[in-house]
Asks: 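For reference, the structure I am asking about is given below.
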Amino acid sequence: MMAWLTHRPLHFLIVVWGVTTLVFVALRMTGDPAVMLLPGDPTMAEINLMREKLGLNKPLIEQYVVFVGNAFRGDFGQSFRHGVPASSVVLERLPATALLAFSALALAAVVAIPMGILAAVNRGRLADLGVMLLAVIGQGVPFFWLGLMLILVFGVEFRMFPTGGYGSIQHLVLPSVTLAAYIGASTARIARSSMLEVLGQDYMRTARAKGLALYVVVLKHGLRNAAIPLVTYLGLQMGLLLGGTVVVEEIFAWPGVGRLLLQAISFRDYPVVQAATFILAMIFVVVNLLVDIVYTVLDPRVRDRR
Amino acid sequence: MTIVRLMALLTTALGALCPVAAWSQAAPQGELTIAQGTDAVTMDPHNTTQMTAMQPFNFVYDKLINRDKEMKLIPELAESWKSVDELTWELKLRKGVKFHNGEDFDSAAVKFTLDRVRVPGATQVSSGFTTIDDVKTPDPLTVLIVTKKPDPLLPARLAAWGAQMLPPGYFKEVGVEGLARKAVGTGPYRFGEWRKDDSLSFVANTGYWGAAPKFAKVVFRPIKDELARMSALTAGEVDIAVNIPVDFADKINSGGSTYLVQTLANATDVFLMGSDAPLKDARVRLALNLAIDRQKLSTALFRGFAKPISQAAAPTDFGYNPSIPPYPYDPERAKKLLAEAGYEKGFSVEVQSSTGYIIGDALVVEAVVEMLKGIGVEAKPKFLEIARRAEMLGKRTITGLLLANPGSTTFDADGIVWRLLHPDAIGGAYWPTGQKDTDFFKLMETARYTIDQPKRQELYYKAAETLHNDPPWLYLWQEFALYGVSCKVAFQARIDTMILPWTVTTDPAKKGGGQCK
């Protein structure tokens with residue numbers, strides 16, 4: 001167990017290093033920020049001066065060595081566009097993204113998992129059909145479209161929620177519902193199928209035979225076992241979730257990292273893109289580590305094998 | 001008080017800001033919310049060229065000179081300016097103006113600001129100020145600006161992007177990073193609170209030297225998605241929404257609580273022509289210009305919100321030649337010209353643009369491709385990622401046709417002719433007629449360094465003729481800017497697409513043009 005816990009961070013470090021290096025190289029292969037920063041009609045001399053100012057005239061390998069050296073100290077350089085440290089540009093927007101992602105994840109879990117269980121227990125009956133229909137619709141509808149429809153209906157028509165922005169619970173409702181629908185649909189299906197698998201097990205029949213009530217059997221014996229694939233799945237949803245926030249943030253004018261990253265990429269604000277991908281990669285990796293730990297708690301067999 | 005009243009008189013006399021002066025006594029009240037596509041990236045006015053940052057800057061900073069709604073230069077922090085000799089401009093500054101932090105605005109602040117922006121490469125706006133050689137301050141209210149060569153555009157530069165005046169003491173105290181986070185200017189609104197990518201707010205500066213601000217608070221909100229921006233306007237959450245797509249125009253006018261405000265903008269849409277061999281031939285370039293039915297495209301794609309052009313400068317620039325006729329749509333003559341140039345079987349060319357950066361760009365490309373096919377040119381659409389496109393422009397590696405929307409921030413043909421058609425420039429590198437030692441080259445150099453305005457105008461009229469008969473680009477049209485405005489406010493749009501503090505009021509008489517219930 002201890003050996004495992006010490007090995008994992010090393011793996012993760014390699015992942016993060018790989019991601020940032022890939023981003024470093026890809027960015028520099030696909031566009032020149034100097035041109036993007038200057039007014040519409042720069043002369044060659046002005047472009048060269050700007051490249052010099054940004055340190056882009058140095059050989060790629062030298063830029064890379066400087067980048068890695070500074071990154072180790074948490075310094076990703078000054079943002080080309082914002083004129084302040086790139087890490088602070090990203091960190092300022094991180095709480096908004098975290099709030100959105102976690103409330104969507106929580107909402108998806110709270111709504112989708114019970115629905116999945118309900119469907120599994122009532123397999124083949126109306127409740128099952130209803131849940132599965134909803135899940136299929138949820139997966140089929142493009143979620144940016146869903147977001148716009150929610151704005152039109154609840155923001156413009158009924159004026160129940162603001163059409164966009166940040167700062168209160170009301171602001172959070174529409175974006176997190178949109179994002180939750182995006183990941184909730186598949187979560188409900190996974191919950192249903194893993195519960196179905198568990199329901200067919202011998203120990204479930206034994207528990208029922210002991211005379212325990214259905215809900216006790218399902219929630220105590222069933223959920224505990226069905227939760228293992230579910231937790232893994234939700235952990236893996238993190239990547240999907242972070243990708244989804246980019247779109248949702250754009251539609252709902254939500255001041256998060258996704259929206260920042262999108263803009264930073266189109267303007268080739270290297271330091272911001274690098275800082276943001278580094279931080280997102282870190283989050284991804286840490287969440288995966290947490291999932292692994294939860295996994296061992298839930299499943300003693302995994303723990304003992306290690 | 002006396003200063004305010006004096007200002008009111010002065011501005012009325014100038015006939016420029018007149019509606020404002022009459023109400024300058026009223027206390028600021030209420031909130032104004034403006035929705036743009038993106039948030040400002042910085043509060044440092046010299047380190048960005050982003051339009052959505054320019055708008056808030058208009059509220060918090062002043063420049064020495066500004067422009068009225070006809071784009072004529074008007075005094076702001078400078079009360080007057082004149083050219084004392086070929087190389088020297090003298091400016092008299094407004095007395096008693098203070099920055100929001102209490103610092104005095106004087107000639108030292110002007111010198112500090114101009115010395116910062118005129119160093120090549122030091123800021124993102126320096127290209128506009130490199131003609132300045134020295135800034136002298138004989139007394140606190142007088143500034144002498146010495147240029148390297150005669151510069152007729154110096155006053156226009158002081159009214160353009162990057163000319164916002166900064167407080168030297170504040171800058172010394174907080175540095176470039178501090179300035180990027182918090183603005184201190186002399187403008188009618190003070191910096192309030194900035195929640196990044198969510199809201200940027202300013203509060204009324206009750207000690208403003210000019211007409212008192214109308215609103216107690218002004219908020220800028222970034223809403224990228226067009227439908228979401230429209231929705232925020234309809235739901236009453238914002239008062240002005242910029243960049244409204246033409247398809248929403250009717251809807252905005254029909255609801256009863258919002259109305260559409262439109263203006264011609266100082267950007268023109270053109271296809272730059274790259275290094276392909278056929279495009280070196282003047283007859284081919286003219287043929288392409290005759291192959292486009294601009295009027296039809298304007299109606300079909302933009303419901304008429306696009307004004308066809310047939311020369312490089314926008315109709316609102318100094319030096320635009322009004323006597324040049326529009327190009328006829330004449331595919332027959334275009335085919336004949338191609339045949340004369342030896343391309344009777346046509347040639348193949350890529351018609352390129354990014355998507356989502358110039359109004360209707362993808363539609364324009366598709367339509368132009370079809371029209372070029374009409375004269376036998378094998379045109380192919382190609383869409384570029386924005387940074388790729390910028391690289392083509394920056395490295396001067398354009399091939400085929402590339403959609404661009406140049407505009408002169410000095411509202412002068414110089415901003416097009418010299419900046420864009422110079423052999424070293426983005427739009428001139430591929431044009432044989434403007435290369436070094438040609439007649440056109442001599443003409444643009446002469447015009448650039450001539451102080452005498454009528455003479456300059458004559459030179460640009462001549463340039464426009466050449467640019468019509470031997471077009472370096474495929475000209476399309478001048479853009480419109482559309483705004484959705486709440487019936488709670490009156491808004492007057494300007495050709496420079498700037499929202500200035502005095503262009504938004506609550507004056508009931510000026511609202512809506514009948515669209516408001």
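In what follows, chains are A, B, ... by sequence order, proteins preceding strands, each numbered from 1.
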Asks: Is chain B contacted by the side chain of A:Pro162, its backbone, both, or neither, given a heavy-atom distance below 4.5 Å?
Replies: both
Asks: How close do B:Glu177 and A:Pro85 get, heavy atom to heavy atom, and via which atoms?
Replies: OE1-CD, 3.2 Å
Asks: What are the two closest non-hydrogen atoms of B:Gly394 and A:Val35, and how far apart are they?
Replies: CA-CG2, 3.6 Å
Asks: Does anything in residues 92-103 of chain A get under 4.5 Å of chain B by heavy atoms, and if so which residues?
Replies: A:Glu92, A:Arg93
Asks: Quick check on A:Phe80 against chain B: is it the side chain, the backbone, both or neither that has a heavy atom closer than 4.5 Å?
Replies: backbone
Asks: Determine whether B:Ile386 and A:Met36 make a side-chain contact, defined as any pair of heavy atoms from C-beta on separated by less than 4.5 Å.
Replies: yes
Asks: Need one label for B:Ala232: side chain, backbone, both or neither, based on atoms under 4.5 Å from any heavy atom in chain A.
Replies: both
Asks: Answer yes or no: does atom NZ of B:Lys217 have more than 12 heavy-atom neighbours from other residues, nucleotides or ligands under 6.0 Å?
Replies: no
Asks: In Å and rounded to the nearest 0.5 Å, what is the OG to CD1 distance from B:Ser231 to A:Ile251?
Replies: 11.0 Å
Asks: What part of B:Pro406 lies closer than 4.5 angstrom to a heavy atom of chain A: side chain, backbone, both or neither?
Replies: neither
Asks: I need the minimum non-hydrogen distance between A:Thr163 and B:Ala235, along with the two atoms involved.
Replies: CG2-CB, 4.0 Å
Asks: Side chain, backbone, both or neither: which part of B:Gln50 has an atom under 4.5 Å from a heavy atom of chain A?
Replies: side chain
Asks: Within this structure, what is the CD-CZ distance for the pair B:Gln124 and A:Arg81, rounded to the nearest 0.5 Å?
Replies: 9.0 Å
Asks: Can you see which heavy atom on A:Ala253 is nearest to which on B:Pro222, and at what distance?
Replies: CB-O, 3.2 Å
Asks: Taking every heavy-atom pair that is under 4.5 Å apart, which of B:Arg396, B:His422, B:Lys395, B:Glu385 has the most such pairs with chain A?
Replies: B:Arg396
Asks: Quick check for you: to the nearest 0.5 Å, what is the distance between B:Asp225 atom CG and A:Glu249 atom CD?
Replies: 14.0 Å
Asks: Just give me the residue among B:Thr42, B:Val41, B:Asp424 that pairs up with chain A most often, heavy atom to heavy atom, under 4.5 Å.
Replies: B:Val41
Asks: When you measure from the side chain of B:Thr49 to the backbone N and O of A:Leu37, does any donor-acceptor pair fall under 3.5 Å?
Replies: yes
Asks: Which atoms of B:Ala122 come close to chain A, meaning under 4.5 Å heavy atom to heavy atom: side chain ones, backbone ones, both, or neither?
Replies: backbone
Asks: Calculate, to the nearest 0.5 Å, the distance between atoms CG and CG belonging to A:Leu260 and B:Asp39 respectively.
Replies: 10.5 Å
Asks: Of all the heavy-atom pairs spanning A:Lys53 and B:Asn47, show the shortest one and how long it is.
Replies: NZ-OD1, 3.8 Å
Asks: Donor-acceptor pairs are to be reported for all side-chain atoms of residues 137-157 of chain A against protein atoms at under 3.5 Å, with residues two or more places apart or in another chain.
Replies:
unit_1	atom_1	unit_2	atom_2	d
A:Gln139	OE1	A:Arg189	NH1	2.9

Asks: Which pair of heavy atoms, one from A:Ser266 and one from B:Ala387, lies closest together, and at what distance?
Replies: O-CB, 4.2 Å
Asks: Go through the atoms of B:Thr48 and report whether side chain, backbone, both or neither lie under 4.5 Å from a heavy atom of chain A.
Replies: neither
Asks: Would a distance-only check, ignoring hydrogens and angles, find a side-chain to backbone donor-acceptor pair under 3.5 Å from B:Arg221 to A:Gly164?
Replies: yes
Asks: So what's closer than 4.5 Å to chain B heavy atoms on A:Ile47: side chain, backbone, both or neither?
Replies: side chain
Asks: Side chain, backbone, both or neither: which part of A:Arg259 has an atom under 4.5 Å from a heavy atom of chain B?
Replies: side chain
Asks: Going from OG1 on B:Thr123 to CE on A:Met50, what distance comes out if it is rounded to the nearest 0.5 angstrom?
Replies: 7.5 Å
Asks: With no hydrogens and no angle check, do the side chains of B:Thr38 and A:Gln263 hold a donor and an acceptor under 3.5 Å apart?
Replies: no
Asks: With a 4.5 angstrom heavy-atom cut-off, could you sort out which part of B:Asp198 is near chain A: side chain, backbone, both or neither?
Replies: both
Asks: Which residue out of A:Val84, A:Asp32, A:Asn48 racks up the most heavy-atom pairs below 4.5 Å with chain B?
Replies: A:Val84
Asks: Report which part of B:Arg195 has an atom under 4.5 Å of a heavy atom belonging to chain A: side chain, backbone, both, or neither.
Replies: side chain
